[in-house]
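Worksheet: the structure to be examined is printed underneath.
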Amino acid sequence: MSRIIMLIPLDKDIGLTSIGLSIIYFFYQKKIKKKSVQSILYFSCTQNSSNSTSHVINKYFSKIVHTVDYIDFSKVLFNSPEYSFLLNKVIDEHYNNKFLRELILIEGIKNNYCINSEEMNYDISQNLNAEVIFIANLENSSPEYIKNKEKKINFFLKQKKYKNILGVIFNQINSPFLENKYDFIKKLIVLKKIKNETKTIVPKKILKNNFFSIIACIPWNRNIVTTRVIDLFNFLNIQHTNLVQKKNHIIEEIIIFDTHHLNLLNKHSLNTLVIVSFSRVDVFLNVLNCNVNRSKVKCIILTGILKLKKNIASLYKFLIKRSISIFFTEKNTIEILSQLQNFNFDISVKDITYIKKLQRYISNFFCHSSFMFFKKKYNINVIYPPKEFCYNLKLLSQKKNKRIILPESYEIRILKSVAICSDSNIAQCVLLGDPKKIYSIANDNGINLKKNIEIIDPISVRQEYLARFLEIRKGKNINEFSAKKQLEDNTVLATLILESNHVDGLVSGSINTTSDTIRPALQIIKTNPQSLLVSSIFFMLLPNQVLIYGDCAININPTAEELAVIAIQSADSAKMFGIEPRIAMLSYSTGCSGFGCQVEKVKEATSIIKNRRSDLIIDGPIQYDAAVSNKVAKLKAPSSPISGSANVFIFPDLNSGNIAYKAVQRSSRIVSIGPMLQGLRKPVNDLSRGASVEDIIYTIALTSIQSE
């Protein structure tokens with residue numbers, strides 16, 4: 001199974017491409033066990049002209065790295081349908097590659113690319129359960145500046161409750177180009193004044209109380225930031241001659257040969273690029289021929305050449321003898337100069353020699369930092385991201401492809417959900433209602449109901465189920481007239497169809513009450529022989545994990561025995577959906593700190609569960625804060641087996657459970673799927689009357705999975 005690491009930028013100018021390429025180099029050299037073809041997957045969350053990483057990988061590292069090029073979050077709004085579509089694409093890539101690659105490396109969204117970059121980076125990383133590396137820069141390495149930087153990062157991390165943080169990489173330390181925006185020519189001037197050696201105060205020595213680990217501190221290096229003739233050629237994309245042998249010549253100065261051509265005689269000129277209009281080439285050659293410092297000219301761009309002529313061959317021979325590279329273009333001097341102003345030492349124009357040098361330089365700092373940041377520090381079973389959970393629901397349901405009946409077939413949300421489920425093969429949905437009316441509603445609302453979606457007309461089948469209904473309800477003082485009257489309720493009829501094994505599950509409740517859905521199920525389907533009662537759970541889709549709440553819909557005041565059954569049912573349901581249960585038996589008391597009949601009930605229920613199911617990780621009685629916070633757990637329950645990481649919460653009664661789930665759902669504005677009923681012989685699930693189309697689709701999917 002592959003590791004997934006996401007690089008999240010905290011500043012604008014951080015050298016994200018350099019860091020990404022260096023991590024790929026580090027992993028491939030030291031951590032990849034099977035150096036097979038494309039053992040690493042890389043993709044960026046933005047795809048635009050300034051994204052250099054994909055370009056470099058595709059050009060030089062395609063044998064070891066596979067790239068994904070069609071994901072771009074920069075043009076969508078957070079939580080929009082377009083965003084959800086892209087996030088599902090990312091999860092698709094994760095699922096398709098998690099057993100093929102050893103490393104999945106994701107480049108996050110820069111904060112100047114998108115107004116919702118912080119929210120998106122957080123949501124993407126948490127839903128993929130990715131290990132997170134933050135990338136920041138340091139304008140200078142003074143203790144005061146580093147302390148202020150630390151405060152900013154700490155404040156950011158307090159706002160965004162990231163899980164699985166590997167640490168922070170500080171890059172571009174003491175770079176002269178962070179404070180102000182320089183154009184290319186000004187940068188060359190600055191570089192000439194800087195000495196080669198770099199002295200950096202390592203932030204690790206200053207940051208003593210930080211709660212994030214430092215992976216690496218990478219000083220800006222004068223020797224790395226160089227511009228060579230080959231780089232300019234790649235950037236300008238113009239014709240050249242005599243370049244092959246001279247491509248590594250360094251360019252440190254640019255001169256425009258016009259009225260200031262005497263600059264060529266400046267004794268301080270060094271590694272110079274000269275831009276010459278072809279109309280002045282004769283004057284230039286005379287100056288160059290007389291100049292004792294002509295060896296300082298490394299490259300010439302001849303502008304305004306419309307067509308190469310034989311009579312300039314002597315010019316090339318003259319320059320070639322002096323080891324000067326020659327570019328020529330139809331563009332004029334102003335156009336070339338303007339183009340050069342945008343050159344920003346972009347790594348995409350560098351060749352493989354330079355890139356490998358850069359990778360070795362940066363990854364060397366990884367080697368000298370703690371190797372612990374490349375080791376997993378968490379139990380992956382504890383955290384189940386919500387989008388991954390939903391994606392897994394659909395996958396499991398597609399494998400089952402069960403028949404699910406929906407009696408509320410005149411509701412627009414139901415018809416939309418059925419159409420999507422049919423298109424996605426999530427389930428074989430069966431609608432109960434008048435076909436003409438159903439198709440009329442669908443057409444009026446632009447819903448494409450395929451002909452293979454089965455529709456059962458209740459009028460034509462009610463009589464078939466009358467005898468069975470009377471048999472099931474005998475002894476309940478129900479006569480034939482009363483039975484026929486009850487069968488006019490589509491939910492009752494749909495429940496009978498399910499009981500008769502003509503479908504595999506039932507979903508209702510979008511326009512009916514919970515009792516209207518559950519009462520027929522209890523009367524007709526009845527409990528599983530192994531179950532003492534029917535209970536319910538909600539899947540609470542928090543921003544970074546999925547929690548299970550039970551029982552929040554059925555049992556008003558369960559006994560200790562019933563509470564134990566609810567907990568065991570909920571744990572087994574969790575396992576059914578890929579969640580390794582860590583059960584908290586909730587109370588207003590933790591351990592032995594409180595007294596009262598409610599506390600004793602929870603204590604007894606916990607004891608029953610431990611005796612019956614020693615395989616389950618459980619603690620109780622325990623307060624909610626001690627169940628979800630490791631820090632609180634250390635204070636209130638230091639020996640708790642769940643250690644503040646519970647994911648299944650059992651409430652002592654319906655009052656507390658129902659209030660809690662609605663408070664969390666509405667206050668946090670999260671999706672909650674349920675109630676999912678447990679303990680019935682066949683799956684029947686209720687919908688909230690405010691359920692969205694997405695909620696209904698997920699409920700259909702989990703009903704299909706339950707049917708096994």
Side-chain angles (χ1 to χ4, degrees), residues 384 386-387 389-390 392-394 396-397 404 406 408 413-414 417 426-427 491 505-519 521-522 525 531 533-542 545-556 558 565-579 581 583-584 586 646-651 653-680 682-707:
Y384 202 163
K387 290 292 183 182
F389 172 76
C390 293
N392 204 33
L393 271 186
K394 291 179 180 179
L396 290 172
S397 183
I404 307 299
L406 298 101
E408 299 165 323
R413 290 170 295 162
I414 295 292
S417 304
I426 290 173
T491 304
L506 183 151
V507 173
S508 185
S510 65
I511 55 176
N512 291 301
T513 65
T514 297
S515 61
D516 289 337
T517 300
I518 294 175
R519 189 188 308 110
L522 294 173
I525 302 298
S531 299
L533 80 165
V534 173
S535 66
S536 72
I537 57 172
F538 281 88
F539 295 93
M540 309 296 289
L541 274 55
L542 272 62
Q545 63 179 320
V546 177
L547 303 179
I548 291 175
Y549 284 5
D551 174 5
C552 305
I554 305 294
N555 297 282
I556 297 174
V565 172
I566 292 169
I568 292 170
Q569 287 177 339
S570 301
D572 290 340
S573 292
K575 289 182 177 181
M576 185 189 305
F577 295 98
I579 300 173
I583 309 163
L586 296 174
N647 53 18
V648 177
F649 299 83
I650 307 301
F651 293 88
D653 53 55
L654 184 61
N655 199 38
S656 58
N658 193 268
I659 291 170
Y661 112 76
K662 286 187 181 293
V664 173
Q665 179 193 31
R666 297 300 175 183
S667 300
S668 302
R669 297 180 181 179
I670 63 165
V671 174
S672 64
I673 302 174
M676 187 187 92
L677 301 188
Q678 306 171 130
L680 287 169
K682 293 179 180 294
V684 175
N685 284 312
D686 182 38
L687 295 167
S688 165
R689 275 167 286 177
S692 66
V693 171
E694 191 176 27
D695 296 337
I696 297 169
I697 292 169
Y698 292 139
T699 303
I700 291 171
L702 67 84
T703 306
S704 177
I705 297 165
Q706 259 190 302
S707 65

Between Asn685 and Thr703, do the side chains contain a donor N or O and an acceptor N or O under 3.5 Å apart?
yes
Cut-off 3.5 Å, side chains only: do Gln545 and Asn647 have a donor facing an acceptor?
no
Minimum heavy-atom distance between [X] and [Y], given as atom pair plus value:
| X | Y | result |
| --- | --- | --- |
| Leu654 | Cys552 | CD1-C, 3.2 Å |
| Ala646 | Leu547 | O-CD2, 3.9 Å |
| Leu542 | Pro386 | O-CG, 3.0 Å |
| Ile705 | Leu393 | CD1-O, 3.5 Å |

Run the numbers on Asp516 and Thr491 for side chain to side chain contact (heavy atoms under 4.5 Å, CB included), then give the verdict.
CA-CA 8 Å; Asp516 289 337; Thr491 304; 5.6 Å; no
Verify, without hydrogens or angle tests, whether [X] (side chain) and [Y] (backbone) share a donor-acceptor contact under 3.5 angstrom.
| X | Y | answer |
| --- | --- | --- |
| Glu408 | Ser508 | no |
| Gln706 | Gly505 | no |
| Arg689 | Thr513 | no |
| Asp653 | Ser656 | yes |
| Asp551 | Ala567 | no |

Could you tell me the separation between the [atom1] atom of [X] and the [atom2] atom of [Y], rounded to the nearest 0.5 Å?
| X | Y | atom1 | atom2 | result |
| --- | --- | --- | --- | --- |
| Thr517 | Leu522 | OG1 | CG | 11.0 Å |
| Ile537 | Ile554 | CD1 | CD1 | 12.0 Å |
| Leu396 | Ser704 | CG | OG | 9.0 Å |
| Ile583 | Ile548 | CD1 | CD1 | 9.5 Å |
| Arg413 | Asp695 | CZ | CG | 9.0 Å |
| Ile414 | Ile700 | CD1 | CD1 | 6.5 Å |

Can you name the side-chain hydrogen bond (donor to acceptor under 3.5 Å, both in side chains) partners of [X], sequence neighbours left out?
| X | result |
| --- | --- |
| Gln569 | Ser535 |
| Lys575 | Asp615 |
| Asn658 | none |

Sequence neighbours excluded, the answer for ring pair (Phe, Tyr, Trp, His ring centres under 6.0 Å) partners of Tyr549 is Phe649, Phe651
Among all residues two or more places apart in sequence or in another chain, which pass the ring pair (Phe, Tyr, Trp, His ring centres under 6.0 Å) test with Phe539?
Phe389, Phe577
Donor-acceptor pairs under 3.5 Å, side chain of residues 666-676 to any protein atom, not counting sequence neighbours: which ones?
{"unit_1": "Ser667", "atom_1": "OG", "unit_2": "Ala663", "atom_2": "O", "d": "2.8"}
{"unit_1": "Ser668", "atom_1": "OG", "unit_2": "Val664", "atom_2": "O", "d": "3.3"}
{"unit_1": "Ser672", "atom_1": "OG", "unit_2": "Gln665", "atom_2": "NE2", "d": "2.9"}

Report yes if the side chains of Ile696 and Val693 come closer than 4.5 Å at any heavy-atom pair, otherwise no.
no
With a 4.5 Å heavy-atom cut-off, do Leu506 and Pro683 have their side chains touching?
no
Evaluate the side chain to side chain contact (heavy atoms under 4.5 Å, CB included) criterion for residues Ile697 and Ile426: first the C-alpha distance (whole Å), next the side-chain angles of each, then the deciding distance (0.1 Å), finally the verdict.
CA-CA 8 Å; Ile697 292 169; Ile426 290 173; 3.7 Å; yes
